[in-house]
Amino acid sequence: MAGTVTVPGANVPSTPLLKDELDIVIPTIRNLDFLEMWRPFFQPYHLIIVQDGDPTKTIKVPEGFDYELYNRNDINRILGPKASCISFKDSACRCFGYMVSKKKYIYTIDDDCFVAKDPSGKDINALEQHIKNLLSPSTPFFFNTLYDPYRDGADFVRGYPFSLREGAHTAVSHGLWLNIPDYDAPTQLVKPKERNERYVDAVMTIPKGTLFPMCGMNLAFDRDLIGPAMYFGLMGDGQPIGRYDDMWAGWCVKVSSATT
């Protein structure tokens, strides 16, 4: 198994891929108006919304979406004394969505992520590209200089071992984004106006044994292959450390996938 880093980019499929095998998990503290932008891509799928913060606040979801919504009261009721394993006041609350899902695949996205456009001005269907990544093999044992050899217009280059060309199952598809980079606080302070405007349409496999800083804001994974390891550490309310929850899960995923 191996993680795949991708900058998603594709057209809307005529028939939604994995419609009955994938849930979309969204952690939120606000009304989900952002879903209107994603409607052409998300509406065929089931949404699991995990409301963080004040459970008495009403979260509004645009009409036409198939969804279930859980708040902290629901988490406490369902998990009882084990509810403390789900972060509070932190985006790691999305782990509850991973737990209640019964689907093979999960796609998770933050509520402040918007649809990007490719250089031609066409909307990018990030979800479709994630699904294609999960359904395609990865190449963690030997780097191919044409990046993804399974993509149309590419193949394995001269010198790539034939014994490794079947690849390995892809467990994680890690998406990137445009605009504000995922910098740490000190870097953001010294580069407050820096923006990522470089569109890169490429898919790369993270090599075996190589760790990476995973971000949970645009991420897909196979629950059957890696589900238990995709646990975002306790870094919310009452915890001494914050904002490492998704990176912790990424390290666990890479270490476990490198040894199976």
Side-chain angles (χ1 to χ4, degrees), residues 1-13 16-19 21-27 38 41-42 44-48 91 94-95 97-98 101 103-110 113 115-116 118 123-141 143-144 146-152 154 166-178 182 199-208 210-232 246-258 260:
M1 294 180 282
T4 299
V5 176
T6 176
V7 180
N11 297 325
V12 183
L17 296 172
L18 302 180
K19 176 180 178 295
E21 299 178 67
L22 180 142
D23 280 333
I24 300 176
V25 174
I26 306 171
W38 290 99
F41 310 130
F42 288 2
Y45 297 89
H46 179 68
L47 311 182
I48 300 177
S91 67
R94 75 181 81 217
C95 285
Y98 303 165
S101 173
K103 305 291 180 59
K104 177 176 173 58
Y105 300 100
I106 293 288
Y107 174 57
T108 185
I109 186 171
D110 284 4
C113 291
V115 177
D118 66 18
D123 286 348
I124 298 172
N125 184 354
L127 174 57
E128 183 189 21
Q129 184 61 61
H130 277 296
I131 292 172
K132 289 182 176 180
N133 289 343
L134 292 173
L135 296 179
S136 298
S138 294
T139 54
F141 306 111
F143 188 81
N144 190 63
L146 283 181
Y147 303 112
D148 183 7
Y150 306 105
R151 193 168 186 172
D152 291 342
E166 288 187 4
H169 293 296
T170 299
V172 179
S173 176
H174 183 261
L176 303 180
W177 54 90
L178 302 174
D182 191 27
Y199 172 79
V200 180
D201 186 12
V203 176
M204 299 171 57
T205 295
I206 302 171
K208 177 183 178 181
T210 301
L211 300 180
F212 75 109
M214 190 180 81
C215 178
M217 64 185 286
N218 177 22
L219 182 75
F221 63 95
D222 185 326
R223 290 177 72 247
D224 290 349
L225 290 179
I226 209 67
M230 192 58 77
Y231 173 68
F232 287 41
D246 45 4
M247 287 183 283
W248 170 262
W251 298 329
C252 292
V253 164
K254 279 298 292 180
V255 170
S256 62
S257 64
T260 55

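- For the atom pair CD1 of I106 and CZ of R223, the computed distance is 5.5 Å after rounding to the nearest 0.5 Å.
- Between Y45 and Y107, the distance separating the two ring centers is not shorter than 6.0 angstrom.
- Y150 is linked by a ring pair (Phe, Tyr, Trp, His ring centres under 6.0 Å) to F156, counting only residues two or more places apart in sequence or in another chain.
- By the salt bridge (charged side-chain N to carboxylate O under 4.0 Å, His left out) test, K19 is found to be paired with no residue, residues two or more places apart in sequence or in another chain being considered.
- Rounding to the nearest 0.5 angstrom, the gap separating the OG1 atom in T108 from the CD1 atom in I24 is 9.5 Å.
- Remark: H169 NE2 to L135 CG distance equals 11.5 Å, nearest 0.5 Å.
- Of all heavy-atom pairs between I206 and K254, the closest is O-NZ, 3.3 Å.
- Classified by interplanar angle (parallel below 30°, tilted 30° to 60°, perpendicular above 60°), the ring pair W38/F41 is perpendicular.
- Residues passing the side chain to side chain contact (heavy atoms under 4.5 Å, CB included) test with W251 are L211, Y244, M247, W248, sequence neighbours excluded.
- Interatomic distance, CG of L219 versus CG of D110, reported as 10.0 Å (0.5 Å rounding).
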**Report entry** side chain to side chain contact (heavy atoms under 4.5 Å, CB included) between L22 and L127, worked out
**Finding:** CA-CA 10 Å; L22 180 142; L127 174 57; 4.1 Å; yes
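- The two residues D222 and L134 come nearest to each other via the heavy atoms N-CD2, 4.3 Å.
- Between the side chains of N133 and Q129, a donor-acceptor pair is found at a separation under 3.5 Å.
- With sequence neighbours excluded, no residue satisfies salt bridge (charged side-chain N to carboxylate O under 4.0 Å, His left out) with D148.
- Contact record, S173 with H130: OG-ND1, 2.7 Å, taken as the closest heavy-atom pair.
- Shown here for M230 and V253, the closest heavy-atom pair between the two residues is CE-CG2, 3.7 Å.
- Here the straight-line distance linking atom CG of L18 with atom CD1 of I131 works out to 5.0 Å at 0.5 Å rounding.
- Side-chain contact between P137 and E166 is absent, with no heavy atoms from C-beta onward closer than 4.5 Å.
- In summary, D201 and R151 engage in a salt bridge, as defined by a charged side-chain N under 4.0 Å from a carboxylate O.
- Partners of A154 by side chain to side chain contact (heavy atoms under 4.5 Å, CB included), not counting sequence neighbours: none found.
- A side-chain donor-acceptor contact under 3.5 Å links T170 to the backbone of S136.
- Of all heavy-atom pairs between A116 and L178, the closest is CB-CD1, 4.1 Å.
- The ring pair (Phe, Tyr, Trp, His ring centres under 6.0 Å) check on Y105 picks up nothing, with sequence neighbours excluded.
- The structure places CG of D224 at 4.0 Å from NZ of K104, a figure rounded to the nearest 0.5 Å.
- S101 contributes a side-chain N or O that, together with a main-chain N or O of K103, makes up a donor-acceptor pair within less than 3.5 Å.
- Nearest heavy atom pair, residue P27 against residue I109, reads CD-O, 3.6 Å.
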